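Only one structure is covered here, and it is reproduced in the block below.
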Amino acid sequence: MRRGLAAGNWKMNGTGASLSEIEALKAAHPDPSVEILICPPATLVERMSAVAKGSAVAVGGQDCHAAEAGAHTGDISAAMLTDAGATHVILGHSERRADHGETDANVRAKTEAALMGGLVAVVCLGESLDEREGGKTLDVIGTQLAGSLPDAITGANTVIAYEPIWAIGTGKIPTIEQIAEVHDFIRAELVKRYGAEGEAIRVLYGGSVKPSNAAEIFAVENVDGALVGGASLTAQDFSPIITALENA
Ligand code: 13P
């Protein structure tokens with residue numbers, strides 16, 4: 001019942017030359033059975049949206065401010081992203097939580113702003129290695145989930161991404177049992193808080209997803225897709241991940 005979502009987070013990578021990767025993705029996936037999303041740096045949102053127009057590739061931002069407008073140098077609003085052609089925005093990525101001190105309350109406020117602005121929010125959660133080794137993973141995820149999400153969300157306007165911090169960019173992934181445990185927990189928490197709508201909210205896995213491990217991750221119940229960093233930068237790597245999700 002939940003449609004798969006293959007999402008790419010380009011982070012601080014990519015210039016105009018990288019738009020050829022979108023041309024290649026369009027050509028490789030003219031009519032995919034899953035959703036495809038690429039979140040480039042803000043400088044590329046408008047140009048990428050133009051390149052992706054009319055295709056199955058959606059474009060998203062990597063952050064937005066909680067306010068509609070105002071004196072916030074360097075920041076970008078939900079309305080600016082939609083104006084540039086974005087339909088989605090990543091919020092609360094662990095790199096933003098670490099580099100910019102974003103708290104659960106900040107992420108919740110940003111998510112509210114994104115939803116008000118008509119964007120689909122991709123809200124990120126994840127534990128550190130210390131928290132994992134200390135046996136605190138489910139506590140941490142439960143706290144982030146409770147604090148980062150607004151009270152009224154739907155499967156249509158919000159996606160959760162579970163990204164263990166220690167798996168991001170490291171080539172390490174949790175065991176399949178560990179992924180299943182956290183995704184089952186997130187599903188149960190979503191259903192507890194949002195009722196039937198909690199069944200419709202997609203939960204992505206993120207952290208060192210590659211063409212070589214995508215199929216086994218997508219076979220896990222309650223994994224509805226992936227948020228992919230490094231392997232989303234080229235169509236050559238991202239395309240087989242999309243195909244693995246279509247085949248899951
Ligand atoms: P990698 O796929 O490079 O590990 O990054 C994951 C991530 O942080 C996506 O948001």
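Atoms within each ligand, like the ligands themselves, are counted from 1 in listed order. Values in this document were obtained by computation on a predicted structure and should not be read as measured data.
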Show your working on side chain to side chain contact (heavy atoms under 4.5 Å, CB included) between S239 and H29 and close with a plain yes or no. CA-CA 8 Å; S239 180; H29 304 278; 2.7 Å; yes
Partner residues of Y205 under the side-chain hydrogen bond (donor to acceptor under 3.5 Å, both in side chains) criterion, sequence neighbours left out: none
Amino acids in close contact with ligand 1, where any non-hydrogen atom sits under 4.0 angstrom away: N9, K11, H93, E163, A167, I168, G169, G207, S208, L227, V228, G229, G230
Identify whether the distance between the nearest side-chain nitrogen and carboxylate oxygen of R97 and D104 falls below 4.0 Å. yes
Is any NZ, NE, NH1 or NH2 atom of the basic residue among R187 and E221 found under 4.0 Å from an Asp or Glu carboxylate oxygen of the other? no
So, the side chain of E127 versus the backbone of P164: is there a donor-acceptor pair under 3.5 Å, distance only? no
Side-chain donor-acceptor pair under 3.5 Å between H93 and E163, yes or no? yes
